[in-house]
Amino acid sequence: MNVKPDFSKGKNLAETAPAFLSIWEMESYYGESYIVQNISFNVHEGEILALLGRNGAGKTSTLRSIARMDSPQVTHGEIWLDHQPLHTMVSHQASSLGIALVPEDRCIIPGLTVEENLQLAQIAPPIGWSIERLYELFPRLGERRKQEGVTLSGGEQQMLAIARALARDIKVLLLDEPYEGLAPVIVDEIEKTLRIIKEQGITTVIVEQNAVRALELADRAVILDTGGIVFDGSAAEVLGNEELRAEYLAI
Amino acid sequence: YTNEPTGGSVTFGFNVPQTGPYADEGADELRAYELAVEHLNGNGDGGMMNTFSSKSLKGNGILGNKVEFVTGDTQTKSDAARASAKSMIEKDGAIMITGGSSSGVAVAVQGLCQEAGVIFMAGLTHSNDTTGKDKKANGFRHFFNAYMSAAALAPVLSKLYGNDRKAYHLTADYTWGWTQEESIKAASEALGWETINAVKTPLAQTDFSSYIAPVLNSGADVLVLNHYGGNMVNSLTNAVQFGLREKVVNGKNFEIVVPLFSRLMARGAGENIKGILGSTNWHWSLQDEGSKAFVKSFGTKYGFPPSQAAHTVYCQTLLYADAAERAGTFNPCGIGEALEGFEFDGLGNGKTLYRADDHQCFKDVLVVRGKENPTSEFDILEVVEVTPAEQVTYAPDHPMFAGGALGNCNPGA
Amino acid sequence: MGILEVKNVNKRFGGLQALGDVNLSVAENSVHAIIGPNGAGKSTLLNCLVGKLIPDTGSVMFDGQSVLGRTPYEINQMGISRVFQTPEIFGDLTVMENMMIPCFAKRDGAFRLHAIAPTDDEKEIVEKAERMLEDMNMAGKRHMPAASMSRGDKRRLEIGMCLAQEPRLLLLDEPTAGMARADTNNTIDLLKQIKDERDITIAIIEHDMHVVFSLAERITVLAQGTPLVEDTPDNIKGHPKVREAYLGETA
Amino acid sequence: MLGLNKKDFSLLLVVAALTLFAPFILNPFPEGSGMAQFNAGYPDLMQRFVIFGIFAIGFNILLGLTGYLSFGHAAFLGVGSYSAVWMFKLLSMNVIPAILLAVVVSGLFALVIGFISLRRSGIYFSILTLAFAQMSFNLAYSVLTPITNGETGLQLTLNDPRVLGQSATADGSIPVTSLFGLEMRSTFEMTLGPWLFQFNAGYYLCALILLLSFYLSIRIFRSPFGLMLRAIKSNQTRLNYTGLNARPYTLAAFVISGMYAGLAGALMASMDPLAGAERMQWTASGEVVLMTILGGAGTLIGPVLGAGFIKYFENIFSKINDTVLHGWFEFMPDGLENLIVGILHPFIGKGWHLTLGLLFMLVVIFLPGGLVEGGQRIAKLFRRKKPDDAGDNAQSTPAE
Amino acid sequence: MDAIILQILNGLDKGSAYALIALGLTLIFGTLGVVNFAHGALFMIGAFCAVTLSRILNFSFETIDPTKTDFLGNPAKIKTTYVEHWFGADFGATIIDWAVPLAILFSIPIMILFGFIVERGLIKHFYKRPHADQILVTYGLAIVLQEIIKAFYGANPIPTPAPDVFKGSFDFGTLLGFEPNAIIYPYWRLVYFAFSALIISGVFAFLRFTTFGMVVRAGMADRETVGLLGLNIDKRFTFMFGLAAAVAGVAGVMYAPINSPNYHMGMDFLVLSFVVVVVGGMGSLPGAVLAGFLLGILESFASMNEVKSLIPGIDQIIIYVVAIIILLTRPRGLMGRKGVMED
Ligand SMILES: Nc1ncnc2c1ncn2[C@@H]1O[C@H](COP(=O)(O)OP(=O)(O)OP(=O)(O)O)[C@@H](O)[C@H]1O
Ligand SMILES: Nc1ncnc2c1ncn2[C@@H]1O[C@H](COP(=O)(O)OP(=O)(O)OP(=O)(O)O)[C@@H](O)[C@H]1O
Ligand SMILES: CC(C)C[C@H](N)C(=O)O
Ligand SMILES: [Mg+2]
Ligand SMILES: [Mg+2]
């Protein structure tokens, strides 16, 4: 782990499978506080990775760092997507490369209707699913298309946030607690959708408190604790490891 | 007495607007002050010291003290002006404060000087109140006032526009505007004019169209603009835009009068000033020896002719210095005595009297008109008439100046 | 006669009937859960109870008094506290200060021109706030600005703040959403304990069936603005309509 | 001590020491030296420092704690001044009744204006307060002249009744303001070698009141009341659903800060018995906003620093002219001297606004927390050198 | 009756000036959320673009005319402008005469560029800072700009007349059947009115019929998220600022012939334009325009003698009274959007 791979030429951390998204020795700060503490992991093309951990473990911060948001600030380390140096970019550039984040607090834009929120995602290329197709996935949104986005119910907002990510042509989908606030039937729906997406070759990183559900869906899992990685391996392994589950996931 | 000079020098405080709309006038005042100090200290060509009727000044400072000065910014606000004057007195040891470009400020600073026990030689201030109800024993004014403007203008107005006129006044809504309106109204009504309306306009107004529009159909055939500075420039420009100058009312040409003119400010009105009557304290085109000497001295140093503002403050500085020289002391009471009832000549306004009763100068007043064919950028006004001092003199207890008392001179600590 | 009696409440948003003739009775000192699909009107109903929204028709009685027409703070002073779906806390203040405010509100009422003694001198308030922080397992974060906590922590803080007010009726809108499993369990225990110790009534909205079934004594299922069924947890679990419209296969 | 924690108490002590020794501190340069221009230790300016300090401290209770940005606070200052001058005209030259009346009247004004304006928040609130203040200003300038004496400003005259005092002194001048006979303008001068120090009665009265005001403001900041105000700034929704009514809290803060402004106005009138309408103009309201932010809104000492900063420039920089500059650089060769004077010329004297504008920009760009942050950075440098020095630097005590 | 018509005309004209200034301000203040105290300065700089152009056109060389003397008695120097020299006296004079309309073309690129520089160099660091900080920095900027202009042009107003063809006034009265000269209105003010209408509708159309407006609104509400959607909000904010500066500048150019420009004209308009924008409602362009016209017309009526004699001093405070009434009856001004600068 201590030899830095040459990302730009396609050589990767895990020599076995070519990594698609690589995080290398990433450190992030909120102002003075050191949050993401030198983490490295790989995500392979087309796989679903579950990123798990307690409250405050740094999951959100990791996703935000990858999506190149202004905070937390990545002060050290590298992030590579498909041989492109993400760490040199800002969020809109990352987005045009195909990174999409469904933020944990949904971030529906006030003042815009449901439809405008979706249209907004389709101004800058590359464009993904059509709005009509998204309405088919979430009929609830189609019904409420003229309503101001922020007045939607909590679950509806969550749907909108996911739909908005799919409205762009994405390579990597970063989901921060996508099931939160959704009725169990809808969670089932979304899980199905994620599987469809996976079949299309899209790579997914999912952060979820409902660890069992996430692990059943995921191929691999990374567990974070106080800003560092404590586990990196297959999802099945976590489900089978009593100790890990008890210590970090309380399941 | 306060700030008695020690150590061979004496300090004046030049308190003028350096920021805000009157900054250019303030700057011209400062130029004249510096020139005066230069002349008092015996440098330069001596300017009006050579033509001044009193010969006590010798070009070696005052009473052997070298003249120094400090400057300050009044911002044309009473508060700021007083703060600035106070610092000159408390910190810099100024023995005399002079300057100002607004009556409000002048009255406020004059009050301060009275309390602090220094002399105030007022600069630009035209309100009757300065030497009327707000007069102070420690304060002196060389500049003319609203009453004098009215008295000087009246005969000319009657001659040029006749005695059967209907006037409409627009007046800046503050002390100076009111006294000017009152004075002009009185003088013109004495001619037989009728005052149709007198409307106060907010000082902060910039677009006067809604005040000008009602003039159109009011039946008035003269518009009197009791405005100064930016107000005047804008109201005059607006009046011309509304075609008032081309208008014929009651069979007569519509006329506009701006009772108090300043060449510096008039430039802002450009073409619109042409043919408009007003009055001024002094103008550089005067051909008496004093004026010529001053224009030469100032023009050589700065490259353009001085304004009336520059002239009046130059005179005030010289008059103060001369009074100190004659009194043989800087004690405000001694200087007051020397100035009271002092008669002089050679400072550009002809024979002049510093009246003892109210510390106001009485001298000829110029009636001027915007020039039709200027030959240079400074050649904006032409002198129509020099109204002799007797015609503009009033009794000290004239009702427009009543109230308030001169009080006693205060030499301070 | 329950402590909270909702009768024939209707609320429209433009063309949408968000609540249609809702009747609900919550028995004193019980835990009553409200579940239902996203957009069913659960949060809207809660908003009508705390004065954030005014129902178009109907009545809401708390302990025999009408809450309609009262401002939120008056209703709160009657003894109703509410936890929001997205955490509402005092982000600029420290965790400790956050906790002190409800303690003051409990003691002093809606407004009091305090003697200007330092806050630290108010021993009873400080002690109470500390105790609450310990109960909520947050004592270590006392000096942290609340805004810089992770979201799970924010939510726990908000619950703590509501409890500190010793309300008679506690309204919880998805209190454990985004909370780590361990903390969810803690919260369940805490709520149970508080309910027994302090003679409190709880109305809870949740999509996490684990929480609902561990806590609730009665459940109302809301769908499209109207109550579908109201029953005990066991009966709800087996209710075919509820399974179809809401629970899906998983539960 | 005095109900303050150690940090606050030492801050209070520092402020007390600074105000007490201001005549020395502000006059570091010997009389007659070139640098004497920068001395600020004369009564009028020292009075102004502390009076505007009081104004800004009060304003900070509103802005710094509740976050409500009032753009009309100068109105209260003006009202305070007018009340005080009227008291001098009608009652006596003693400053105490004048100050009391001013505080009460401005408090009432603030109550009415606050009651109406606080129905809105954010920018809408700011514009409401601005509108009220501009109305007061315009009326004071024109229609209300009988009460305010318009542009000239309300002044004392020899004809004022002054029922408890005398209309005029024996030598025929207007009596001066005093505190039970101690004349506000009386100044004790002390010469120490080439230095001249002035100790002015009025200044010390103002300084004492500043200390009291400052102490009160610390207490407010640290009290439950202050906590509620900060909670209002942070999240009004949560406050409402915690059973607290924001309105009376904000109104109380508004009235308190209005009374501070009135107090400042009364002190201005007591030091110099004139009340001008410009005191109420929007620019004056803007000035206190600038002072507070420049110093550091929400910090205890910041507003005082900001007030001092702006007043210093207004009074000292505006008085530096070319002649003074030439005086300083006399020792240089002529060409160089002229060059330097030429470069500095636009920034001094009539250009003091330019300098001030530039400094505003520099401070806010590089010190987002205002001057206090500058102090903190310096303090940090020191602390880094002496890691064991745990005692917090008193200059840098933000509210939280 | 004629008086009322006149005041309506006046009010419309004043209103169009207010509306135009407010339009520029609301692009920055209501849309980008920056409390821009430098807006008045931008307006002033626009006006000085007109002054500058006419100065440039008046660049001249001097010849000595020994037959005349100057004020000191030396031989006078006679100036001839290059424009007249090159294009012939007549055509040259026409060009100089048309300085103000030409200045519009001249000012737009200058103002846009200026807006870009200010936004990139300064404002961009302040989007996330408290409003109070924005006030401080933009106020500082305004002072600096003013002082620079003052250093070059002095403090006095500088006459900048409209072309000769627009001198004089249009006789509305005869159209409506009044006597000649009863209701007249200066041509340039009519031009101003028409011109404002043009600019206002242009800006409206641009923001209405492109997605630009939506993106900027979204960006103000939540910059982060907009970035996540692949949109470069910085670029758009910069452009918006440039646009606002251009609108302010053009308003200034057109205003120059109405009132001679001076260095503090911006400050005179500043407070008023904030009042107009807020009364119109934060974030609403139509609101700002409507409020501009409303306040303009009311101000005109309040300055009628009949009204003033009824309520003395009303003309001085009418704007503020109306502002207070509107803000108290309509919480977000006339047409404000929810959540814009409410806390
Ligand atoms: N804006 C911020 N400023 C300072 N610290 C922050 C900020 N946001 C988060 N933190 C801190 O960073 C740490 C990690 O937070 P993060 O939100 O990444 O955790 P998380 O794993 O997503 O937790 P959760 O499951 O609760 O969402 C926490 O300790 C939190 O206190
Ligand atoms: N202000 C509003 N304007 C228009 N429609 C609204 C408004 N507020 C809520 N709604 C709609 O009313 C319906 C009920 O919303 P509510 O928030 O009560 O749902 P909920 O049951 O809490 O759902 P969830 O479980 O997803 O939080 C939703 O469809 C929502 O879009
Ligand atoms: C500057 C003066 C000559 C005129 C000024 N308006 C005044 O008040 O007196
Ligand atoms: Mg998280
Ligand atoms: Mg909900």
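Order of the sequence lines fixes the chain letters, A, B, ..., with proteins taken first and strands second; residue numbering starts at 1 for each chain. Every heavy atom of this structure was used, including side-chain atoms; hydrogens, water molecules and symmetry mates were not.
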**Message:** Within the supplied structure, the quantity of interest is the number of heavy atoms (other residues, nucleotides, ligands) at a distance under 6.0 Å from D/E183 CD; does it exceed 12?
**Reply:** yes
**Asked** More than 12 non-hydrogen atoms from neighbouring residues, nucleotides or ligands closer than 6.0 Å to NZ on B/K135, yes or no?
**Response** yes
Part of [X] within contact of chain D (heavy atom distance under 4.5 Å):
X	result
B/E68	neither
B/A23	neither
B/N410	neither
B/I89	neither

**Request:** Please report the closest heavy-atom contact between B/T19 and D/H353, naming both atoms and the distance.
**Result:** CG2-ND1, 3.2 Å
**Asked** Does any heavy atom of chain B fall under 4.5 Å from the side chain of D/I316, the backbone, both, or neither of them?
**Response** side chain
**Message:** At a 4.5 Å cut-off on heavy atoms, which part of D/N138 comes close to chain B: side chain, backbone, both, or neither?
**Reply:** neither
**Note: B/D79-D/R279 ion pair, threshold 4.0 Å (strictly below)** = yes
**Prompt:** Between B/D92 and D/K319, is there a side-chain N and carboxylate O pair less than 4.0 Å apart?
**Reply:** yes
Taking [options] one by one, which has the highest count of heavy-atom pairs under 4.5 Å against chain B?
options	answer
D/D44, D/N159, D/N27	D/D44
D/A168, D/P43, D/G41	D/P43
D/N200, D/T145, D/V176, D/T157	D/T145
D/S142, D/A275, D/S318	D/S142
D/N39, D/I174, D/L158	D/N39

**Message:** Let's go through B/L203 and D/Y141 carefully: what are the C-alpha distance in whole Å and the side-chain angles of both, what is the deciding distance for side chain to side chain contact (heavy atoms under 4.5 Å, CB included) to 0.1 Å, and is it a yes or a no?
**Reply:** CA-CA 9 Å; B/L203 192 64; D/Y141 224 101; 3.6 Å; yes
**Request:** Look up atom CG in D/L154 and atom OG in B/S78, then write down how far apart they are to the nearest 0.5 Å.
**Result:** 11.5 Å
**Message:** Quick check for you: to the nearest 0.5 Å, what is the distance between D/S173 atom OG and B/Q114 atom CD?
**Reply:** 7.0 Å
For [Y], does its backbone N or O pair with a side-chain atom of [X] as donor and acceptor, under 3.5 Å?
X	Y	answer
B/Q18	D/G351	no
D/E151	B/K77	no
B/R82	D/L274	no
B/K91	D/A40	no

Below 4.5 Å, heavy atoms only, C-beta onward: do [X] and [Y] meet side chain to side chain?
X	Y	answer
D/R185	B/E90	no
B/V107	D/Q155	yes
D/T323	B/F69	yes

**Residues B/S87 and D/N315: side-chain donor-acceptor under 3.5 angstrom** = no
**Message:** Under a plain distance cut-off of 3.5 Å, with no hydrogens placed, do D/E278 and B/Q75 share a side-chain donor-acceptor pair?
**Reply:** no
**Fill in**
Among B/N408, B/L30, B/T71, the residue with the most heavy-atom pairs under 4.5 Å to chain D is B/T71
